[in-house]
Amino acid sequence: MSEKYVVTWDMFQMHARKLSEKLLPASQWKGVIAVSRGGLFPAAVISRELGLRHVETVCIVSYEDHYKQSDELRVLHAPEGDGEGFIVVDDLVDTGNTARKIREMYPKARFVTVFAKPAGAPLVDDYVIDIPQNTWIEQPWDLGLSFVPPLARK
Ligand SMILES: O=P(O)(O)OC[C@H]1O[C@H](OP(=O)(O)OP(=O)(O)O)[C@H](O)[C@@H]1O
Ligand SMILES: O=c1[nH]c(=O)c2nc[nH]c2[nH]1
Ligand SMILES: [Mg+2]
């Protein structure tokens with residue numbers, strides 16, 4: 001990836017709130033299924049905003065290494081059913097491989113993400129922010145604050 005897009009916690013919360021607005025009225029939903037782990041973060045915001053207390057996880061491993069996707073997706077845990085009445089939420093779609101698997105598993109769910117790159121965007125029902133394909137999204141839970149030395153050192 002040639003570019004980086006750094007996301008801060010406050011911007012992430014703001015975008016996740018915007019995504020929640022697209023999911024009104026809340027009464028149409030039984031609950032939320034978070035695509036763990038990245039989807040846990042927007043799922044917390046969405047379930048809070050919409051007053052949904054039924055929160056499930058689907059656990060999929062795609063990127064074993066931070067920047068490198070493995071050939072096979074590994075599903076470690078998945079709630080039963082076709083997803084009817086549920087919002088399935090992930091933090092982002094990139095190649096769309098995870099989204100394709102989710103769509104296959106939960107064809108009746110509404111699948112939403114905060115960020116979408118062009119290759120994955122058509123697979124998502126709702127998202128908030130477009131990101132170019134050549135850009136790596138650095139999520140706030142993967143980052144930390146650290147000291148930066150001044151330019152002029154004595
Ligand atoms: O569209 P794709 O190319 O499939 O990529 C998107 C997926 O990749 C990331 O998850 P990852 O597999 O890194 O796991 P994590 O959520 O546990 O960090 C991200 O959270 C999405 O789930
Ligand atoms: O933190 C992440 N940023 C990304 O751009 C991305 N694409 C797939 N998986 C990803 N994880
Ligand atoms: Mg993920």
Side-chain angles (χ1 to χ4, degrees), residues 1-23 29-50 52 54-146 148:
M1 300 269 169
S2 50
E3 304 291 330
K4 254 181 203 213
Y5 180 89
V6 174
V7 184
T8 58
W9 282 112
D10 55 340
M11 290 309 287
F12 187 87
Q13 185 190 15
M14 205 180 85
H15 299 327
R17 277 215 172 118
K18 268 259 170 302
L19 183 58
S20 307
E21 283 171 22
K22 293 175 186 271
L23 299 166
W29 307 115
K30 293 179 193 155
V32 177
I33 302 174
V35 184
S36 180
R37 296 161 306 178
L40 293 168
F41 301 93
V45 176
I46 289 169
S47 60
R48 187 265 181 187
E49 293 301 328
L50 301 186
L52 300 169
H54 184 162
V55 181
E56 305 260 6
T57 58
V58 56
C59 304
I60 301 192
V61 184
S62 163
Y63 288 75
E64 307 262 2
D65 177 306
H66 187 51
Y67 295 110
K68 191 172 165 293
Q69 193 167 40
S70 25
D71 300 333
E72 282 280 304
L73 294 182
R74 286 194 296 130
V75 179
L76 306 181
H77 168 80
E80 304 261 293
D82 58 13
E84 187 166 13
F86 280 83
I87 302 160
V88 178
V89 57
D90 206 346
D91 60 329
L92 62 93
V93 277
D94 187 328
T95 61
N97 287 343
T98 308
R100 260 184 290 277
K101 184 73 185 166
I102 291 291
R103 282 249 174 248
E104 200 183 293
M105 292 167 73
Y106 301 109
K108 295 206 173 153
R110 178 107 147 240
F111 180 58
V112 305
T113 64
V114 176
F115 302 99
K117 301 187 192 179
L123 296 158
V124 187
D125 293 315
D126 293 293
Y127 68 93
V128 183
I129 305 287
D130 285 287
I131 301 290
Q133 201 66 45
N134 68 349
T135 301
W136 187 258
I137 302 162
E138 289 291 8
Q139 299 287 30
W141 52 89
D142 286 328
L143 304 175
L145 293 179
S146 62
V148 177

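Numbering of ligands and ligand atoms starts at 1, following listing order. The structure presented is a predicted model; accordingly, all values stated were derived computationally and were not measured.
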Peer 1: Would you say ligand 2 has an N or O under 3.5 Å from any N or O of Asp94?
Peer 2: yes
Peer 1: Evaluate Leu92 for polar contact with ligand 2, using N/O atom pairs at a separation under 3.5 Å.
Peer 2: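 So ligand 2 has no N or O lying under 3.5 Å from an N or O of Leu92.
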Peer 1: Is there a heavy atom of Glu138 sitting under 4.0 angstrom from any atom of ligand 2?
Peer 2: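 No, Glu138 has no heavy atom closer than 4.0 Å to ligand 2.
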Peer 1: What side-chain donor-acceptor pairs closer than 3.5 Å can you find for residues 33-42, not counting sequence neighbours?
Peer 2:
none

Peer 1: Is there a polar contact between ligand 2 and Thr135, counting only N or O atoms under 3.5 Å apart?
Peer 2: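 No - when backbone and side-chain N and O of Thr135 are compared with those of ligand 2, no distance drops under 3.5 Å.
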Peer 1: Does the plane of the ring in Phe86 sit parallel, tilted or perpendicular to the ring in His54? Use 30° and 60° as the thresholds.
Peer 2: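 It falls in the perpendicular class, over 60°.
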Peer 1: Do Thr135 and Phe115 have side chains that get closer than 4.5 Å, going by heavy atoms?
Peer 2: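 Result no, sub-4.5 Å side-chain heavy-atom pair not found.
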Peer 1: Quick check on contacts: which atoms of ligand 1 are under 4.0 angstrom from a heavy atom of Asp91?
Peer 2: 19 (C), 20 (O), 21 (C)
Peer 1: Under 3.5 Å, is there a donor-acceptor pair between the side chain of Glu138 and the main chain of Lys4?
Peer 2: no
Peer 1: Give yes or no for whether the N/O distance cutoff of 3.5 Å, strictly under, is met between Gly38 and ligand 1.
Peer 2: yes
Peer 1: Any atoms of ligand 1 less than 4.0 Å from a non-hydrogen atom of Val93? List them with their elements.
Peer 2: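 Near Val93, the atoms of ligand 1 are 1 (O).
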Peer 1: Please determine which of Leu52, Ile87, Val32 meets the side chain to side chain contact (heavy atoms under 4.5 Å, CB included) test together with Leu23.
Peer 2: Ile87
Peer 1: Looking at Ser62, which atoms of ligand 1 are within less than 4.0 Å of one of its heavy atoms?
Peer 2: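 Those of ligand 1 that fall under 4.0 Å from Ser62 are 12 (O).
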Peer 1: Kindly list each side-chain donor-acceptor pair under 3.5 angstrom involving residues 124-131, sequence neighbours excluded, with atom names and distances?
Peer 2:
| from | atom 1 | to | atom 2 | distance (Å) |
| --- | --- | --- | --- | --- |
| Asp125 | OD1 | Arg103 | NH2 | 2.8 |
| Asp125 | OD2 | Arg103 | NH2 | 3.0 |
| Asp125 | OD2 | Phe111 | N | 2.8 |
| Asp126 | OD2 | Arg110 | NE | 2.7 |
| Asp126 | OD2 | Arg110 | NH2 | 3.1 |
| Tyr127 | OH | Asp130 | OD1 | 2.6 |

Peer 1: For atom 22 (O) of ligand 1, state which one of Asp90, Thr98, Ile60 supplies the nearest heavy atom.
Peer 2: Asp90
Peer 1: Please report the shortest heavy-atom distance between Tyr106 and Pro79, naming the atom on each side.
Peer 2: OH-O, 2.7 Å
Peer 1: Has Gly96 got any heavy atom lying under 4.0 angstrom from an atom of ligand 1?
Peer 2: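 For ligand 1, residue contact (heavy atoms, under 4.0 Å) with Gly96 is present.
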